[in-house]
Amino acid sequence: MQILFINNDGSGFADQIQIEAGTSVKTLFQQRLPHGRPQDYLIRVNRQPTTAGYVLQEGDRVSITPTKIEGATNGPSNAIFSFPYPRLKGARWEPDNALTASTCLPS
C-alpha cells in the first residue's frame, strides 16, 4: 500500500512510499530512522499526534519532525543586549483608530 511520508529530519523530504499492509507507526519509524529515538520526534498521522501502535492505512500522511535541533541549547544565553530608548521630543503621537497603538514611552 502507498502512504505519503514526510521526513523533517535534516534536509527533509516528502515522498509517496510503499509499505506492507499492517505496518505500525513504530515499525515505520524503526525502518526509516534507525538512528533516532522516538521520544525525540513528533510523529503525526494525517496531521494528528498518534500512538506507536497505530496501524497505517492506504493514503495516510505521516510526518516525523525532530523536537530537538542539533546545536540548540536549553539553557539561557549569556549575551545581554541593551537598547536604550531615545527621548522623544515634540507632541506625543496619537492613535488615529482603535487598531493602531502608540509606540511612545511615558516621560
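These values consider heavy atoms only, across backbone and side chains, with no hydrogens, waters or symmetry-generated copies. It should be emphasised that the depicted structure is a prediction, and the values quoted were computed from it without experimental measurement.
- Counting heavy atoms from C-beta outward, Leu56 and Thr27 have side chains that stay 4.5 Å or more apart.
- For the residue pair Tyr41 and Asn8, no side-chain donor N or O sits within less than 3.5 Å of a side-chain acceptor on the partner.
- Through ILVMFWY side-chain contacts below 4.5 Å, Val55 is grouped with nothing and stands alone.
- To the nearest 0.5 Å, atom CD of residue Gln57 and atom CE of residue Met1 are 6.0 Å apart.
- Hydrophobic cluster of Leu4: the remaining members, joined at side-chain heavy-atom separations below 4.5 Å, are Ile6, listed by chain and number.
- The heavy-atom pair separating Ala52 from Ser24 by the smallest distance is O-CB, 3.7 Å.
- Distance check: Leu28 CG to Lys26 NZ gives 13.5 Å after rounding to the nearest 0.5 Å.
- Tracing side-chain contacts under 4.5 Å through hydrophobic residues (I, L, V, M, F, W, Y), one never reaches Val25 starting from Leu42; they form parts of separate clusters.
- When atom types are taken as modelled, the side chain of Thr50 and the backbone of Val45 share no donor-acceptor pair closer than 3.5 angstrom.
- Nearest heavy atom pair, residue Ile17 against residue Arg32, reads CD1-NH2, 3.6 Å.
- Partner of Phe5 under the side-chain contact (heavy atoms from CB on, under 4.5 Å) criterion, out of Ile19, Ile64, Asp15: Ile64 alone.
- The two residues Arg37 and Phe29 have their closest heavy-atom pair at C-CZ, 3.8 Å.
- Looking at every heavy atom in both residues, Pro49 comes nearest to Arg44 through CD-NH1, 3.6 Å.
- Under a 3.5 Å cut-off, the side chain of Glu58 and the backbone N or O of Gln2 do form a donor-acceptor pair.
- Taking CZ of Arg61 as the start and CD of Gln48 as the end, the distance is 10.5 Å to the nearest 0.5 Å.
- No side-chain donor-acceptor contact under 3.5 Å links Asn46 to the backbone of Asp60.
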